[in-house]
Amino acid sequence: MLKFLRLTPSRIKDFLLIISLLISTPIPLSHSPYPPHHTPRDTRAVAFLDQPLSTPAGPNLPPVVVSSDTRLFPYTFKSSLRSAIRVARVVKEAVDRNETGIRWFVYGDDDTVFVVDNLVEVLSKYDHDKWYYVGSSSESYEQNVKYSCLMRYGHLYGSDSRILACLVELGVGLTHEPGFHQVDVRGNVFGMLTAHPLSPLLPLHHLDAMEPIFPNMDKTRALEHFFKAVTADSSRILQQTVCYENFNSLTVSVAWGYAIQVYEGNQLLPDLLSLPKTFSSWKRGTRVEANFMFNTREYPRNACERPLVFYLESVVSDNNVVWSNYTRHSDGKCRRSDAIKHLKEIRVVSQKLELDIEQMMAPRRQCCEISASHDELMVVNDRKCGADELISMNVVYSCLTELGVGLTREPGFHQFDVRGNAYGLLAAHPLTPLVSLHHIDHIDPIFPNMTTTKAMQHFHAAEVDSQRILQQTICYDRLFSRTVSVSWGYAIQVYNKHIPLPDVLPVPETFRQWKWGTVFAGVYTFNTIRFHPHPCHRPTIFFLVYLLVDAYVIFSCIQMQAPRRHCCDVLSSKSGDLLRYVNAAKMN
């Protein structure tokens, strides 16, 4: 059933994108409790259905297309639906429409809400002529690990897995944008929305699995209420600012356009950036551990131990000035300090936020200050931070977080918070240049039969071609049905059978967790595969012995914007003999 999609008018008229909606139609679209909103002059959209409509589509609906028959494609994943094939095939069907002037193709299920203005702003950072697959991982550890082209991948679970598998074969990796939210959690998502990452909100998926985001409203009314703030200032929506009222020792955390939390006492800023665990894990069951891909903190069961919460009541804009008003949510008969016991309303004054590409590439958190506070009303001013201004209480702290600076994620930095044999991590390096390796003292020597010092000296391939070091390429010896995985400058694995590319890219779990004990056993922030305990069931491994450098060979520079995996060819291979030569080359 189609749930809800809101398309806000795009401010950049020449930035064309097409949004493809994947919809199941047990009831007519016009009778859905969450009808879509479509503005064809600003954004092109297409609704792909699994069967024809029984009634005509309304004037506010996008063009409707019935998906092609997918019964010829295999689907062997147990206890799931074949609809995943249709959803994945829509990628091709959307491209085959030959729409003119399109720069980006955007795909979403029928339980997804998009903030199109922000989507346009974020995608403007990237060159649309290059190889990009932009999105984000699941919030759920279990979903990422378990469910990571159509004919070859009948064993995969969902459409996301199939699309990624096909793109992986093109050498394209995922470009992580934290504003994409799969929302693989259930229940109350208050904690996720009040501690949003330092990035524009893009889509919210799985609306069916969450409770209404505002109290005393159904899901439709709650989302419509939310989009009043989105319409007023989409770039600022959910952006978290924190300010301090030192006289009364109060900490105010603003999730703009949604809710404000008022804490009694001074709270450290880094503690407020972790997510209050108001939600439950995606997978149900009493034996399911709640492991997530972000930092969480406990949300007190006792309402009197929680901060005061004020939800969005109204929003008004005049030119570039926006006033948003938040009213107090009942917390029962909790005893509060004199400073806030009569507080009923908080008003936030802000300038409409306009982000350029430079600001999105190096984002900095906004500052806020409490400009007026009375018994029943508090006024907060949201504004740009000064050059050296700290977001902190009235003590000396000089952390980057307090300067409003967030972490820019570069996957080439390796903390190495594991112990034992790090072979798996090095043999399945991400599609990015190697930058650093930490905690070398806590892992085994990276080459066998060497000390740690000698092994690191033997890792001299980094001096020969630093940008290619550890870059993983996969090729196939079809004559003998072998799969060859090259981790350049370190090791090569040869499998005596054909292994699909997506199954080679996860990290072999040759190591153990950093913390001793069984509580966090096997919980990592990347996909892993089992490394068989018996050597005869593992691939044959060839470690680097020496390098020959030809003075006439020019080593190619790895493209860091829109990186694409290199290809390799098995040039000479004889049965019963060693693998002779593998040629690594750039993809056509």
Side-chain angles (χ1 to χ4, degrees), residues 1-5 7 15-29 32 35-40 42-58 60-77 80-114 116 119 123 128-129 131-135 147 149-172 174 180 182 202-203 205 502:
M1 181 171 62
L2 175 65
K3 290 306 180 190
F4 187 88
L5 179 82
L7 301 179
F15 194 92
L16 296 179
L17 53 89
I18 184 168
I19 297 182
S20 301
L21 315 178
L22 301 316
I23 299 171
S24 299
T25 53
I27 64 172
L29 289 179
S32 168
H37 297 262
H38 176 229
T39 52
D42 301 308
T43 307
R44 300 189 203 178
V46 180
F48 286 88
L49 310 182
D50 54 357
Q51 57 184 313
L53 288 174
S54 57
T55 59
N60 293 326
L61 297 178
V64 171
V65 175
V66 178
S67 297
S68 302
D69 190 354
T70 60
R71 285 177 292 182
L72 295 178
F73 295 100
Y75 190 75
T76 59
F77 193 93
S80 193
L81 301 175
R82 286 185 55 88
S83 58
I85 301 174
R86 181 181 74 87
V87 174
R89 186 176 168 79
V90 162
V91 175
K92 180 178 184 301
E93 293 177 343
V95 174
D96 286 347
R97 288 175 57 83
N98 293 320
E99 299 268 357
T100 59
I102 296 299
R103 298 184 182 182
W104 296 95
F105 288 85
V106 182
Y107 299 90
D109 290 347
D110 55 13
D111 58 346
T112 305
V113 56
F114 286 95
V116 175
L119 195 59
L123 291 177
H128 66 276
D129 288 326
W131 292 85
Y132 278 112
Y133 177 47
V134 183
Y147 305 132
C149 291
L150 297 185
M151 292 301 293
R152 287 188 292 280
Y153 300 111
H155 62 288
L156 295 180
Y157 165 69
S159 57
D160 294 347
S161 302
R162 284 168 168 75
I163 294 171
L164 180 58
C166 295
L167 287 168
V168 161
E169 292 191 354
L170 286 169
V172 180
L174 175 67
F180 284 87
Q182 184 71 5
L202 300 173
H205 191 198

**Prompt:** side-chain contact (heavy atoms from CB on, under 4.5 Å) with Leu202: which of Leu123, Val113, Val106, Leu119?
**Reply:**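 For Leu202, the side-chain contact (heavy atoms from CB on, under 4.5 Å) test succeeds with only one of Leu123, Val113, Val106, Leu119, which is Leu119.
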**Prompt:** With sequence neighbours excluded, what pairs up with Val95 under the side-chain contact (heavy atoms from CB on, under 4.5 Å) test?
**Reply:**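 With neighbours one apart ignored, the set is Phe105, Tyr107.
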**Message:** Taking the side chain as everything from C-beta on, heavy atoms only, tell me whether Phe180 gets closer than 4.5 Å to Val134.
**Reply:**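 They are in contact (side-chain heavy atoms under 4.5 Å apart), so the answer is yes.
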**Item:** Side chain to side chain, Glu93 and Val65, heavy atoms closer than 4.5 Å
**Value:**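 Glu93 vs Val65: side chains apart.
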**Item:** Partner residues of Asp96 under the side chain to side chain donor-acceptor pair (under 3.5 Å) criterion, sequence neighbours left out
**Value:**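 Side chain to side chain donor-acceptor pair (under 3.5 Å) list for Asp96, sorted by chain: Lys92.
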**Prompt:** Which pair of heavy atoms, one from Thr112 and one from Pro203, lies closest together, and at what distance?
**Reply:**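 Nearest heavy atoms, Thr112 then Pro203: CG2-CB, 3.8 Å.
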